[in-house]
Amino acid sequence: MEPKLFKIQIGSSVWGGGVGTVALEGTPRTIDGTPMVQLAHGAIVPADGWFPTEAEAKAKAADEIELIGRSLFHQAKQLKEAAESMRREVSL
């Protein structure tokens, strides 16, 4: 059995249930000395961001989602502060 590599792609849209993810699995290949991954449908992609276990791929995706979450929290805080500033201006 050939070794496998794993990657979790994170979507760019956030919705009520979170951010979309897609679990990928592929077979490691080396092409002209460059590490690559061959997907089940035959496409070959760079091996950057791929992991030897599904657990490692999920842990990395979780870290990236936490970063997105912190950014969203910061954005919400900025909007609340701007809204409060506008309310004060109107009440003067």
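Everything numeric in this text was worked out from a predicted model, so none of it was measured.
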Participant: Output a table of donor-acceptor pairs, distance under 3.5 Å, between side-chain atoms of residues 72-83 and any protein atom two or more places apart or on a different chain; print 'none' if there are none.
Facilitator:
from	atom 1	to	atom 2	distance (Å)
His74	NE2	Gln78	NE2	3.2

Participant: Please write out which residues are connected to Leu5 in a hydrophobic cluster, directly or through intermediates, given that two of Ile, Leu, Val, Met, Phe, Trp, Tyr count as joined at side-chain heavy-atom separations below 4.5 angstrom.
Facilitator: Val22, Leu24, Val37, Leu39, Val45, Trp50
Participant: If you compare all heavy atoms of Pro28 against all heavy atoms of Pro3, which two are closest, and at what distance to 0.1 Å?
Facilitator: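 So the minimum-distance heavy-atom pair works out to CD-O, 3.1 Å.
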Participant: Run through the side-chain heavy atoms of Ile, Leu, Val, Met, Phe, Trp and Tyr, join any pair under 4.5 Å, and report what else lands in Ile44's cluster.
Facilitator: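 Ile44 clusters with Ile31, Met36.
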Participant: For residues 54-70, please give each side-chain donor-acceptor pair under 3.5 Å, one per line with the distance, not counting sequence neighbours.
Facilitator:
from	atom 1	to	atom 2	distance (Å)
Glu56	OE2	Thr53	OG1	3.0

Participant: Sort and list the pairs that fulfil side-chain hydrogen bond (donor to acceptor under 3.5 Å, both in side chains) and have at least one residue in residues 22-45, not counting sequence neighbours.
Facilitator: Glu2-Arg29, Lys4-Thr27, Arg29-Gln38
Participant: Do any side-chain atoms of residues 7-18 form donor-acceptor pairs under 3.5 angstrom with protein atoms, and if so which ones, sequence neighbours left out?
Facilitator:
from	atom 1	to	atom 2	distance (Å)
Trp15	NE1	Gly18	O	3.2

